[in-house]
Amino acid sequence: MIHIGIIGLGVIAQYYLAAFPQSMTAKLKAVCDLDDSKTEPYLDTDVCTYSDYLELLKDPSIDAVVINLPNDLHFKACQDALAYGKHVCCEKPLTLNVDEAKKLKQVAQRTELTLFTAFHRRYNQPLIELKQQVSSLDEVSHVDIYYLEKIEEHAGNDTWYLDPEKCGGGCIADNGPNAFDTLEWLIGPLAVKKVEIARDDKGMDIEAVVNLENHQGLTATTYLDWAYQKGEDKRVVFTMKDGRVLSSDMLRGSVAFKSSLFHEYARVIDDFVLHITERRGAGEEGLSAVKLVKHCYALEVEEQHDLERNVSSL
Ligand SMILES: NC(=O)c1ccc[n+]([C@@H]2O[C@H](COP(=O)([O-])OP(=O)(O)OC[C@H]3O[C@@H](n4cnc5c(N)ncnc54)[C@H](O)[C@@H]3O)[C@@H](O)[C@H]2O)c1
């Protein structure tokens, strides 16, 4: 049994909390949140409660932590947890910038601690089935992934999601990591080739189309929308060279809002423990997703400069 502490008890924490009773390998040992009302239900249980995560990290009986904090706090919390010798499962995005993600990777490698990013779509049953249907990537002509939602329906009481300083940006920073990681899990490492971004009146990237390519030249398109008015659409579509279209709805069978996350996070926790026991994982996937997000924003700036140069040369 790996003893785990959860830091941050907001929206996404409930899926981790639901996973522990069914896990044969992970035990919930402690919870931490600045908001006492969130730790209160654990006061009369064998789960320790904290409001300061550094205190939780000092507990020698805790082997590993799950970091569920707002995005801008991930780097510091991961750094602290690794410094206290804890294995880390961090929510996406691992960090807000590439240098920070590289630093964490180095620390995890040096300390031989697991640094794992909770890319929950890797454990989505419809996607696993889709992956199994594709026997060879040579048969695939193109892949599309759709990540469309109205962000306000996904955020908790706090509004940090809508503050680019805390979130890291808009829809690309928020849903980009999950979408890009899902694609990399399906078709291998990717590079961004082209990006089209729609920004709202506050300058937030609210919608984006990102074209990517893997090492073999297989192309993929990511559709991101933070202002989708028709509920939620999370899908992957493989277009095959022989004309077949293989599609997978990540929300298949999820009657209640976000209910697909229950089976995904149960597997996240068990795979995190497996990484720890097999001494694997030094933030590679988390770093890769951070790089792709940054590349999208950098390409937008480059394309804007090219446009301005072309206009001024007319
Ligand atoms: N909401 C989703 O659908 C979703 C999905 C996937 C991933 N995530 C990721 O999960 C992470 C958490 O998101 P969320 O939606 O649960 O956020 P949230 O705002 O609902 O929860 C964050 C929690 O952290 C607590 N907190 C803040 N600072 C703290 C500190 N210094 N010490 C202890 N507790 C502190 C807050 O009180 C709050 O309870 C984010 O990185 C997000 O990108 C969210």
Side-chain angles (χ1 to χ4, degrees), residues 5-19 30-42 48-58 65-81 88-96 100-101 104 116-124 147-182 224 226 228 231-232 234 250-251 254 256-262 264-265 267-269 272 285-286 289-290 293:
I6 294 198
I7 300 174
L9 295 176
V11 173
I12 210 68
Q14 63 169 305
Y15 302 100
Y16 287 98
L17 293 169
V31 290
C32 170
D33 201 289
L34 285 181
D35 178 350
D36 290 344
S37 71
K38 297 195 173 160
T39 50
E40 208 180 77
Y42 293 90
C48 301
T49 61
Y50 298 92
S51 56
D52 178 348
Y53 77 71
L54 289 174
E55 292 304 315
L56 180 153
L57 295 177
K58 286 178 192 162
V65 290
V66 171
I67 293 173
N68 277 326
L69 298 173
N71 298 350
D72 62 322
L73 304 181
H74 289 184
F75 172 63
K76 178 78 171 61
C78 287
Q79 200 177 37
D80 289 337
V88 175
C89 167
C90 184
E91 265 303 326
K92 59 78 197 161
L94 178 57
T95 58
L96 295 192
E100 288 175 348
L104 292 181
F116 178 93
T117 307
F119 285 124
H120 56 101
R121 295 306 186 190
R122 288 176 176 236
Y123 311 92
N124 177 275
Y147 239 88
L148 319 179
E149 66 188 23
K150 190 166 187 292
I151 184 59
E152 288 81 359
E153 290 171 1
H154 293 256
N157 300 331
D158 202 339
T159 54
W160 65 265
Y161 273 96
L162 306 176
D163 176 350
E165 294 287 312
K166 294 187 173 175
C167 185
C171 68
I172 297 176
D174 178 48
N175 282 329
N178 270 333
F180 299 149
D181 180 74
T182 301
L224 302 170
W226 243 19
Y228 188 62
E232 205 180 350
K234 309 270 168 76
M250 297 178 223
L251 309 179
S254 304
F257 183 60
K258 279 185 177 293
S259 57
S260 76
L261 297 186
F262 284 110
E264 295 167 20
Y265 276 94
R267 294 170 179 183
V268 164
I269 277 293
F272 174 44
E285 293 89 1
V290 172
V293 166

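Quick note: numbers below take in every heavy atom, side chains included, and nothing from hydrogens, waters or symmetry partners. Each residue takes its place number in the sequence, starting with 1. When a ligand or atom number is given, it counts from 1 through the structure's own listing order. Given the structure is predicted, the values throughout are model-derived calculations rather than measurements.
- Near L73, the atoms of ligand 1 lying under 4.0 angstrom from a non-hydrogen atom of the residue are 28 (N).
- The CD1 atom of I7 lies 8.5 Å from the CG atom of L54; values are rounded to the nearest 0.5 Å.
- Set against the non-hydrogen atoms of K258, the atoms of ligand 1 under 4.0 Å away are 2 (C), 3 (O).
- Between E149 and K234 the shortest side-chain heavy-atom distance falls below 4.5 Å.
- On a distance-only criterion, D33 and ligand 1 share at least one N/O pair closer than 3.5 Å.
- Ring geometry, F272 versus F116: the interplanar angle falls from 30° to 60°, so the pair is classed tilted.
- Considering backbone and side-chain atoms together, D158 places no N or O closer than 3.5 Å to any N or O of ligand 1.
- Near G8, the atoms of ligand 1 lying under 4.0 angstrom from a non-hydrogen atom of the residue are 24 (O).
- Looking at N175, D181, D174, N71 one by one, the single match for side chain to side chain donor-acceptor pair (under 3.5 Å) with K92 turns out to be D174.
- More than 12 heavy atoms of other residues, nucleotides or ligands lie within 6.0 Å of CG in D52, so this atom counts as buried by the packing criterion.
- Here the shortest heavy-atom pairing between T117 and G286 reads OG1-CA, 3.3 Å.
- In terms of N/O distances under 3.5 Å, ligand 1 is not approached by N178.
- Checked by distance only, ligand 1 and C32 stay at 3.5 Å or farther apart across all their nitrogen or oxygen atoms.
- Atom 22 (C) of ligand 1 has its closest protein heavy atom at N68 O, 3.7 Å.
- Residue, atom and distance of the protein heavy atom nearest to atom 27 (C) of ligand 1 are P70 CD, 3.8 Å.
- Near H154, meaning under 4.0 Å from any of its heavy atoms, are these atoms of ligand 1: 1 (N).
- Every atom of ligand 1 is numbered from 1 in the order shown, and the set under 4.0 Å from a heavy atom of E91 is 6 (C), 7 (C), 8 (N), 9 (C), 10 (O), 11 (C), 41 (O).
- Here E153 does not pair with K150 in a salt bridge; the nearest charged N to carboxylate O distance is not below 4.0 Å.
- The option from T39, N71, L34 that lies nearest to atom 29 (C) of ligand 1, judged by heavy atoms, is L34.
- Using modelled atom types, one side-chain atom of H74 and one backbone atom of L69 make a donor-acceptor pair closer than 3.5 Å.
- When F119, Y16, Y123 are each tested for a ring pair (Phe, Tyr, Trp, His ring centres under 6.0 Å) with Y265, only one passes: Y16.
- The protein heavy atom nearest to atom 11 (C) of ligand 1 is L69 O, 3.6 Å.
- Residue contacts with ligand 1: V11 is placed with a nitrogen or oxygen under 3.5 Å of a nitrogen or oxygen of the ligand (distance criterion only).
- Closest heavy-atom approach to atom 19 (O) of ligand 1 among the candidates W160, Y265, Y50, Y161: W160.
- Proximity of H74 to ligand 1, defined as any heavy-atom pair under 4.0 Å, is confined to the side chain (atoms from C-beta onward).
- For atom 4 (C) of ligand 1, the nearest protein heavy atom (residue, atom name, distance) is I12 CD1, 3.4 Å.
- Heavy-atom minimum distance, L56 versus I6: CD1-O, 4.3 Å.
- Atoms of ligand 1 found under 4.0 Å from any heavy atom of K38 (numbered from 1 in listed order, with element): 38 (C), 39 (O).
- With contacts defined as side-chain heavy-atom distances shorter than 4.5 Å, the pair Y42/L17 qualifies.
- If you check which protein heavy atom lies closest to atom 21 (O) of ligand 1, you get G10 CA, 3.2 Å.
- Within 6.0 Å of NZ on K166 lie no more than 12 heavy atoms contributed by other residues, nucleotides or ligands.
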